[in-house]
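What follows is a set of notes on a single structure, which appears directly below.
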Amino acid sequence: QVQLVESGGGLVQAGGSLRLSCAASGSIVGINDMGWYRQAPGKQQRELVATITGGGSTNYADSVKGRFTISRDNAKKSVSLQMNSLQLEDTAVYYCNSKIYALGSGLRGYWGQGTQVTVSS
């Protein structure tokens with residue numbers, strides 16, 4: 001069974017920083033793309049925040065460029081999101097997503113359980 005577990009969320013004042021981490025576990029053969037998504041209060045769908053390929057190529061939403069940095073540690077099967085200069089608009093539940101090759105499951109996407117990030121004034 002493949003599982004993604006996020007950590008690092010919390011309450012922070014505007015202008016502050018948080019670092020989110022997501023670790024994958026299970027019968028994993030390999031991990032392709034990894035990324036972070038978020039769902040803001042009152043929104044119906046999750047939006048892409050940042051992604052990173054197995055080769056290290058990154059992509060960011062325009063709203064977080066220059067403030068957030070995504071990285072991965074293949075040995076630890078983890079992906080992190082360093083969030084700086086946080087704004088009120090960054091308040092959301094953040095979800096880790098990874099495309100994983102797993103024994104018995106083949107290649108498919110997985111979601112973490114979500115971690116709350118609340119930015120206050």
Side-chain angles (χ1 to χ4, degrees):
Q1 300 180 18
V2 173
Q3 186 175 11
L4 300 179
V5 179
E6 299 109 331
S7 62
L11 176 65
V12 64
Q13 289 187 320
S17 298
L18 284 174
R19 184 176 179 86
L20 306 182
S21 295
C22 173
S25 62
S27 301
I28 298 171
V29 177
I31 301 176
N32 197 348
D33 296 351
M34 308 182 78
W36 289 94
Y37 297 74
R38 66 187 182 187
Q39 187 165 8
K43 297 292 186 178
Q44 294 181 321
Q45 61 188 46
R46 299 172 186 178
E47 66 172 348
L48 184 148
V49 177
T51 60
I52 184 168
T53 68
S57 179
T58 59
N59 182 51
Y60 297 91
D62 289 340
S63 60
V64 307
K65 286 181 179 177
R67 300 189 298 118
F68 292 8
T69 302
I70 189 171
S71 61
R72 64 189 290 164
D73 187 328
N74 292 331
K76 296 180 179 179
K77 298 182 178 65
S78 67
V79 60
S80 297
L81 184 69
Q82 178 66 45
M83 305 186 294
N84 298 327
S85 301
L86 283 161
Q87 304 168 358
L88 295 177
E89 294 77 13
D90 295 318
T91 294
V93 177
Y94 284 71
Y95 296 89
C96 173
N97 178 269
S98 295
K99 199 166 188 179
I100 297 173
Y101 291 91
L103 292 177
S105 300
L107 178 64
R108 57 159 287 187
Y110 295 87
W111 290 98
Q113 83 284 357
T115 185
Q116 177 71 50
V117 172
T118 302
V119 183
S120 67
S121 60

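Here the structure is a predicted model, which is why all the values come from computation and not from measurement. Start at 1 with the first residue, then count along the sequence.
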When every non-hydrogen atom of Ser98 is compared with those of Met34, the smallest separation belongs to OG-CE, 3.2 Å
Check whether any side-chain N or O of Thr91 sits under 3.5 Å from a backbone N or O of Val119 as a donor-acceptor pair, and report yes or no.
yes
Anything under 30° is parallel, anything over 60° is perpendicular, the rest tilted; go ahead and classify Tyr94 against Phe68.
tilted
What's the separation between atom CD in Gln44 and atom CD in Gln39, rounded to the nearest 0.5 Å?
9.0 Å
For the residue pair Ser105 and Val2, establish whether any side-chain heavy-atom pair is separated by less than 4.5 Å.
no
So, do Ile100 and Lys77 sit near enough that their side-chain heavy atoms are less than 4.5 Å apart?
no
Between Arg72 and Thr53, is there a donor-acceptor pair closer than 3.5 Å when you use the side chain of the first and the backbone of the second?
yes
Closest approach of Asp33 to Gly54 (non-hydrogen atoms, all atoms of both residues)
OD1-N, 4.1 Å
Spacing of Ser120 atom OG and Leu11 atom CG [to the nearest 0.5 Å]:
4.5 Å
Among Ile, Leu, Val, Met, Phe, Trp and Tyr joined by side-chain contacts under 4.5 Å, find the other residues sharing a cluster with Val29 and list them by chain and number.
Tyr101, Leu103, Leu107
Quick one: do Glu6 and Gln113 satisfy side chain to side chain contact (heavy atoms under 4.5 Å, CB included)? Show the steps, please.
CA-CA 7 Å; Glu6 299 109 331; Gln113 83 284 357; 2.6 Å; yes
In this structure, CD of Gln1 is separated from CD1 of Ile28 (nearest 0.5 Å) by 12.0 Å
Gap between atom CG of Asn97 and atom CG of Leu4 - 0.5 Å precision
7.5 Å
Would you say Trp111 and Arg46 make side-chain contact, with heavy atoms under 4.5 Å?
yes
Please check if the side chain of Asn59 supplies one atom and the backbone of Ile52 the other of a donor-acceptor pair under 3.5 Å.
no
Hey, does Val49 have a side-chain heavy atom less than 4.5 Å from the side chain of Val64?
yes
Least distance between heavy atoms, Ser121 atom then Leu88 atom:
N-CD2, 3.6 Å
For Ile70, does its backbone N or O pair with a side-chain atom of Tyr60 as donor and acceptor, under 3.5 Å?
yes
Which heavy-atom pair separates Tyr110 from Ala102 by the least distance, and what is that distance?
OH-CB, 4.0 Å
Show which side-chain atoms of residues 16-27 pair as donor or acceptor with protein atoms under 3.5 Å away, not counting sequence neighbours.
residue: Ser17; atom: OG; partner: Asn84; partner atom: OD1; Å: 2.9
residue: Arg19; atom: NH1; partner: Gln82; partner atom: OE1; Å: 3.3
residue: Ser21; atom: OG; partner: Ser80; partner atom: OG; Å: 3.4

Validation row: Ile31, Val79 side chains within 4.5 angstrom (heavy atoms)
no
With a 4.5 Å cut-off on side-chain heavy atoms, are Met83 and Val117 touching?
yes
Hey, could you give me the OG1/OH distance between Thr115 and Tyr95, rounded to the nearest 0.5 Å?
10.0 Å
How long is the gap from NZ on Lys65 to OG1 on Thr58, to the nearest 0.5 Å?
9.5 Å
Kindly give the heavy-atom pair with the smallest separation between Thr118 and Gln116, and that separation in Å.
OG1-NE2, 3.3 Å
